[in-house]
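What follows is a set of notes on a single structure, which appears directly below.
Just so it is clear, the values below take in all heavy atoms, side chains as well, and ignore hydrogens, waters and symmetry mates. Along the sequence shown, residues are numbered consecutively beginning with 1. First listed ligand is number 1; within each ligand, the first listed atom is number 1. Computed from a predicted structure; not experimentally measured.
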Amino acid sequence: MEKIQMKVPLVEMDGDEMTRVLWKMIKEELLLPFVDLKTEYYDLGLLHRNETEDQVTVDAALAAKRLGVAVKCATITPNEQRMQEYPQLTKMWPSPNGTIRAILDGTVFRVPIKVDSIPPVVHRWEKPITIARHAHGDIYRCVDARTEHRCTAKLLFENESATKSVTIQQVEGPAIWMGMYNTEQSIRSFADACFSYAIDTRQDLWFATKDTIAKQYDGAFKRIFEEEYRTRYEEQFKALGITYFYTLIDDAATRVIRSRGGFIWACKNYDGDVMSDMISAAFGSLAMMTSVLVSPDGTMEYEAAHGTVTRHYYRYLQGEETSTNPLATLFAWTGALRKRGQLDQILELEEFAEDLEQCALDTLRSGIVTKDLVELSENKSCTAVTSA
Ligand code: NAP
Ligand code: MG
């Protein structure tokens, strides 16, 4: 077979521990024999981030912005314990995902990988439900306080030329308070990422807030999504036969459970935090969940939703057998290759990505699975295989 030729390179961000081991295997055994793989390689392994004073992370993010599509391996975010494990670290470097997200200004979409033999807890869900979480502001950047005595709390807005205050409440005894914010610019880029992703994946988009209660706050989210939809995306949605659906968050919660799946659920920051964990648990396992960062300029960065699987890596280093699920990492690669195929009009590359995913799913269906899936699988004759 002749290798499939690529035109524009993918940005490849290598990572740490067990996922770095799987990364190499996926490339060497599943991709390189079939694709003339072109990548711009950045080693985001912890030690190389340390050697470059984390410049490599910034360079990788800028390369993603320039080339449009990236694939990232899971990476260690150092903490106190890692500082002891790696004494050569000169600093507790920040989360690479945080750095990349800040540069790409993106929204994170979490996408479950669905297999028939591993039924979701909600049996009606025939297709995956993708959560799009707005990862900026609200309670994650709030100021909260507790007061003991009778008082009146006000919001005070000031700039060089004016002040304005709004009374929140007068209380007679001990009380708790919270102040939080978001910016219209951030909400607008969140909306754009959601609409673009819906178009890209040809799925309906749902969005829900509590605008009946928080008329200004959630009302702004509703209004901005509506404005972006009407002015920029409605025609494309109609042409593709997909819909934008807005409702209240409690109504959405009941509709999601009764749905057949197959749509994107855009959530405000807190809703997305809670709902993405609920949805991933209901679909089975973190090892069966991919994640894609979509920036308003269309840059896409694909990765697994899980971490570097440290516990397995330590066993691997001891020469013990491990059974680490490679699906989410493999699907990060196929997602990125498919996107490159679409952008560069290389049909063979799109088909290759599709075929590779189907082969992986067929393998699971046939009962050849990693340990984490044995319990979840309906196929009782399935066998757990090792990573290597
Ligand atoms: P983790 O790597 O996701 O692993 C937690 C546990 O989940 C594992 O011990 C394993 O359970 C199970 N698991 C996760 N992925 C699996 C897979 N592919 N196959 C089979 N089982 C899997 O989370 P962590 O141990 O909390 O974090 C480890 C490191 O990853 C940390 O240094 C953290 O900073 C980093 N991290 C990176 C990212 C990222 O780059 N996106 C995200 C999260 C965490 P069992 O041990 O029970 O088998
Ligand atoms: Mg959460």
Side-chain angles (χ1 to χ4, degrees), residues 12-26 42-50 54 56-57 60-61 64 70-86 89 92-102 104 106 108-113 115 118 133 135 273 276-277 280-281 283-293 301-318 320-333 335-336 360 363-364 368-377 382 384-388:
E12 175 185 354
M13 307 182 190
D14 208 343
D16 289 300
E17 300 193 312
M18 203 61 209
T19 38
R20 190 178 178 104
V21 176
L22 296 178
W23 191 263
K24 189 161 179 280
M25 286 167 65
I26 289 170
Y42 293 85
D43 183 1
L44 267 54
L46 181 58
L47 293 178
H48 192 242
R49 272 181 277 146
N50 188 59
D54 213 20
V56 66
T57 311
V71 56
K72 178 180 171 290
C73 181
T75 45
I76 293 172
T77 298
N79 53 13
E80 281 301 343
Q81 184 217 324
R82 297 292 195 174
M83 297 301 284
Q84 283 165 18
E85 185 180 350
Y86 297 92
L89 293 186
M92 208 189 287
W93 302 107
S95 151
N97 283 356
T99 305
I100 293 166
R101 238 169 260 170
L104 296 182
V108 176
F109 295 82
R110 264 189 159 195
V111 193
I113 303 167
V115 197
I118 303 166
R133 173 182 171 188
D273 184 349
S276 67
D277 286 342
S280 72
F283 272 106
S285 141
L286 205 55
M288 296 292 281
M289 179 82 59
T290 60
S291 180
V292 52
L293 176 72
E301 183 230 18
Y302 295 81
E303 63 171 347
H306 59 76
T308 60
V309 211
T310 311
R311 282 182 41 186
H312 294 206
Y313 182 61
Y314 291 160
R315 289 208 293 270
Y316 168 84
L317 288 181
Q318 301 287 316
E320 288 173 33
E321 282 188 340
T322 60
S323 185
T324 318
N325 189 333
L327 257 274
T329 303
L330 177 63
F331 274 56
W333 271 104
T363 308
L364 299 190
I368 302 170
V369 296
T370 42
K371 239 184 209 162
D372 54 311
L373 298 185
V374 173
E375 271 177 30
L376 299 171
S377 180
C382 62
V385 292
T386 57
S387 312

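The contact set between ligand 1 and Arg82, taken as ligand atoms under 4.0 Å from a residue heavy atom, comprises 29 (C), 31 (C), 32 (O). Taking every non-hydrogen atom of Glu303 and a distance limit under 4.0 Å, the qualifying atoms of ligand 1 come out as 41 (N). Proximity to Ala74 (heavy-atom distance under 4.0 Å) selects the following atoms of ligand 1: 40 (O). Within the listing of ligand 1, atoms 28 (C), 29 (C) sit less than 4.0 angstrom from a heavy atom of Thr310. Ligand 1 places these atoms under 4.0 Å from at least one heavy atom of Thr324: 17 (C), 18 (N), 19 (N). Ligand-side atoms of ligand 1 in range of Ala287: 16 (C), 17 (C), 18 (N), 19 (N), range being under 4.0 angstrom from any heavy atom. Near Lys72, with a cut-off below 4.0 Å to any heavy atom, the atoms of ligand 1 are 40 (O).
When only non-hydrogen protein atoms are considered, atom 18 (N) of ligand 1 lies nearest to Asn325 O, 2.8 Å. Among protein heavy atoms, the minimum distance from atom 14 (C) of ligand 1 is reached at His306 CB, 3.9 Å. Of all protein heavy atoms, the one lying nearest to atom 30 (O) of ligand 1 is Thr308 N, 3.0 Å. Protein heavy atom in closest approach to atom 40 (O) of ligand 1: Thr75 N, 3.0 Å. Nearest to atom 34 (O) of ligand 1 among the protein's heavy atoms is Thr77 N, 3.0 Å. Of all protein heavy atoms, the one closest to atom 13 (N) of ligand 1 is Val309 CG1, 4.0 Å. With respect to atom 38 (C) of ligand 1, the closest heavy atom belonging to the protein is Gly307 CA, 3.7 Å.
For His312, the heavy-atom gap to ligand 1 drops under 4.0 angstrom.
In this structure, the side chains of Arg20 and Asp14 come closer than 4.5 Å at one or more pairs of heavy atoms. With contacts defined as side-chain heavy-atom distances shorter than 4.5 Å, the pair Asp277/Arg110 qualifies. Under the 4.5 Å side-chain criterion, counting only non-hydrogen atoms from C-beta, Val71 is in contact with Trp23.
Within a 4.0 Å radius of atom 36 (N) of ligand 1, the protein contributes one or more non-hydrogen atoms. Protein heavy atoms are absent from the 4.0 Å sphere centred on atom 5 (C) of ligand 1. Counting only heavy atoms, the protein gets under 4.0 Å from atom 43 (C) of ligand 1. Put simply, atom 26 (O) of ligand 1 has no protein non-hydrogen atoms near it, under 4.0 Å away.
Within a 6.0 Å sphere centred on CD of Glu320, other residues, nucleotides and ligands contribute more than 12 heavy atoms.
Checked by distance only, ligand 1 and Ile76 stay at 3.5 Å or farther apart across all their nitrogen or oxygen atoms.
Contacts between Arg311 and ligand 1, counted as non-hydrogen atom pairs separated by less than 4.0 Å, involve the side chain only. The side chain of Asn97, and not its backbone, has at least one atom closer than 4.0 Å to an atom of ligand 1 (non-hydrogen atoms only; side chain from C-beta on). Residue-level proximity to ligand 1 for Met18 is absent, since no heavy atom of it falls below 4.0 angstrom.
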